[in-house]
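Each ligand, and each atom within it, is numbered from 1 in the order the structure gives. Because the structure is predicted, anything quoted here is derived from the model rather than measured.
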Amino acid sequence: MSIETKVFGVTKNGETVHSYTLTGKNGFAVTLIDFGATVKNIIAPDRKGELADVVCGYDRLSDYEDADGYQGAVVGRFGNRIGKGRFTLEGKDYTLYCNDNTNHLHGGRVGFSHRVWQTEIRESGDADRVIFSLVSPDGDEGYPGTLRVTVEYCLADGCELVISYRATTDKTTVLNLTNHTYFNLAGFDSGDVLEHMLYLDADRFVETDAELIPTGRVLPVLDTPMDFRTTKPIGRDFDLTYEPLKLAGGYDHCMVFTDTLHDPIKSPRAIVTEPKSGRTLTMYTSLPCVQFYSANFMSNPDFPFKGGYTQKKQHAFCLETENMPDSMNHEGFTDCVLKAGEEFTSVTVYRFGN
Ligand code: GLA
């Protein structure tokens with residue numbers, strides 16, 4: 001195991017951005033950049049040992065700065081949407097910057113995905129780590145409280161990326177930290193993901209409106225295209241006449257895991273298999289939900305991916321582990337509030353196989 005550090009580029013503000021490559025076994029390797037605490041490459045072997053880069057992203061730092069899509073980044077303070085960018089906390093009203101129609105998305109104008117994080121490297125025999133940290137000041141993007149965040153990426157067991165999030169605040173605030181990597185297990189440059197087989201341990205999903213803001217209802221997946229409790233191809237029920245899929249242009253929903261008394265370390269919440277290469281992705285998480293996104297907005301011709309590959313809709317999928325979007329505005333939604341003196345922690349594991 002080893003970590004290789006290089007200069008990746010310089011931001012428009014003159015900050016130097018580095019890349020960190022962690023190498024595991026059988027050619028498995030992960031490259032991170034400190035801009036956005038982003039996952040830039042994941043090289044994974046298929047069943048014949050052939051390597052492919054299974055995540056989307058760019059060759060140039062300026063594309064990470066300018067493009068939307070949050071490729072590979074950590075999003076925050078609040079992943080996904082907050083309706084009208086408004087909420088009330090301890091009797092006080094807050095208004096956030098609205099960057100998605102009239103709503104707040106993924107942390108606002110300059111969210112955590114667009115900042116250069118501090119970096120610490122820890123190499124050890126069997127588990128190399130890159131620890132990114134940042135301080136988000138009180139009032140940042142309209143959010144209360146000084147938030148101190150660390151995101152640790154650990155390459156464990158030679159083929160497993162373990163992402164551990166920690167945050168503290170000096171004033172009551174809200175947060176929803178996630179990672180926005182777009183996966184394609186056949187290789188990011190190999191076409192759509194509709195034939196990937198997906199199992200999702202989710203029995204409900206958060207209903208959203210035409211602006212993808214939660215309506216407040218959490219619906220059962222039973223007898224709908226949202227049901228992945230029995231493994232099926234992502235595209236099998238990709239039926240855009242089904243209202244929730246029609247409104248989102250595909251899958252873009254907060255899927256709610258089946259029970260809360262689950263041991264996140266022992267049983268996976270998602271298993272994805274790409275039949276031709278045999279590559280698999282198994283996901284474990286301590287969080288209660290995942291945004292399953294079939295990359296319906298991934299179609300910007302001005303921002304080709306690595307090697308010049310044109311980005312196209314549904315050529316990747318995201319499994320963004322999370323609390324419920326807009327949760328502070330709905331009774332009965334998962335808790336996104338963090339108080340002074342408390343520590344927020346969560347862990348998500350992406351394990352690759354073949
Ligand atoms: C999330 C959202 C999507 C979209 C992408 C970024 O997954 O749920 O609607 O905004 O981020 O393009």
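- Figure legend: Lys306 and Tyr309 shown without cation-pi pairing, the cationic atom not lying both under 6.0 angstrom from the six-membered ring centre and within 45 degrees of its axis.
- Of all atoms in ligand 1, listed by their number and element, those nearer than 4.0 Å to a heavy atom of His180 are 1 (C), 5 (C), 6 (C), 7 (O), 11 (O).
- Heavy-atom proximity to Asn80, at under 4.0 Å, picks out these atoms of ligand 1: 2 (C), 8 (O).
- No donor-acceptor pair closer than 3.5 Å links the side chain of Glu211 to the backbone N or O of Asn103.
- Looking only at heavy atoms of the protein, atom 9 (O) of ligand 1 is closest to Asp252 OD2, 2.4 Å.
- Using a distance-only test at 3.5 Å, with no hydrogens or angles considered, a donor-acceptor pair links the side chain of Glu274 to the main chain of Lys276.
- Between Tyr70 and ligand 1, no N or O atom pair is found at a separation short of 3.5 Å.
- Using a 4.0 Å cut-off between a side-chain N of Lys or Arg and a carboxylate O of Asp or Glu, Asp140 and Arg115 qualify as a salt bridge.
- For Lys313 and Phe297, the positive end is not near the middle of the six-membered ring at less than 6.0 Å and at most 45° from its axis.
- Using cut-offs of 30° and 60° on the angle between ring planes, the pair Phe352 and Phe183 is tilted.
- Taking a 4.0 Å cut-off on heavy atoms, Asp68 fails to register as neighbouring ligand 1.
- Taking the charged nitrogens against the carboxylate oxygens, Asp138 and Lys171 do have a contact shorter than 4.0 Å, which makes a salt bridge.
- Annotation for ligand 1: atoms under 4.0 Å from non-hydrogen atoms of Glu320 are 1 (C), 7 (O).
- Residue-level proximity to ligand 1 for Leu105 is carried by the side chain, the only part with a heavy atom below 4.0 angstrom.
- With hydrogens left out, the protein atom closest to atom 10 (O) of ligand 1 is Arg81 NH2, 3.1 Å, a heavy atom.
- Cluster membership check: Val218 does not share its hydrophobic cluster with Met255, using side-chain heavy-atom separations under 4.5 Å among Ile, Leu, Val, Met, Phe, Trp and Tyr.
- Near Leu212, meaning under 4.0 Å from any of its heavy atoms, are these atoms of ligand 1: 9 (O).
- Distance from atom 4 (C) of ligand 1 to its nearest protein heavy atom, with residue and atom name: Phe297 CD1, 3.7 Å.
- Look at Tyr182 and you'll find a heavy atom under 4.0 Å from some atom of ligand 1.
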